[in-house]
Amino acid sequence: MMNEQQPKAPLNPGDEARPGTPGSGEDVCPVCAGKGKNAVAQPCPNCGGSGKIIEGIGGG
Ligand SMILES: [Zn+2]
């Protein structure tokens with residue numbers, strides 16, 4: 001049985017909320033500074049190479 005709920009869009013470790021979530025906003029990834037790559041030119045593990053993360057605003 002597969003009872004696990006999976007998000008429709010994969011979240012990166014740096015994402016705090018899904019895109020479009022009320023109270024959240026897109027921001028530049030603080031790890032790669034929006035470059036999408038880390039120091040060794042691999043896709044940034046924090047943002048998944050997008051250079052952006054979804055931040056929760058206001059918190060819960
Ligand atoms: Zn990044």
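Note that ligands are numbered from 1 as they come in the structure, with each ligand's atoms numbered from 1 the same way. Please read these numbers as outputs of a predicted model, since none were measured by experiment.
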TODO: Could you pull out the closest heavy-atom pair between G34 and V28, with the gap in Å?
DONE: N-CG1, 3.3 Å
Open item on the list: Looking at every heavy atom in both N12 and G48, which two are closest together, and how far apart are they?
Closed with: OD1-CA, 3.5 Å
Open item on the list: So which atom in P30 and which in I53 form the shortest heavy-atom distance, rounded to 0.1 Å?
Closed with: CD-CD1, 3.7 Å
Open item on the list: As an exercise, state the distance from SG of C47 to CG of N38, rounded to the nearest 0.5 Å.
Closed with: 9.0 Å
- [ ] Could you please give the number of protein N/O/S atoms within less than 2.8 Å of the Zn ion (ligand 1)?
- [x] 4
Task: Inter-residue atom distance K37.NZ - C29.SG, 0.5 Å rounding - done: 14.0 Å
- [ ] Drop me the distance from E26's CD to D15's CG, to the nearest 0.5 angstrom.
- [x] 9.0 Å
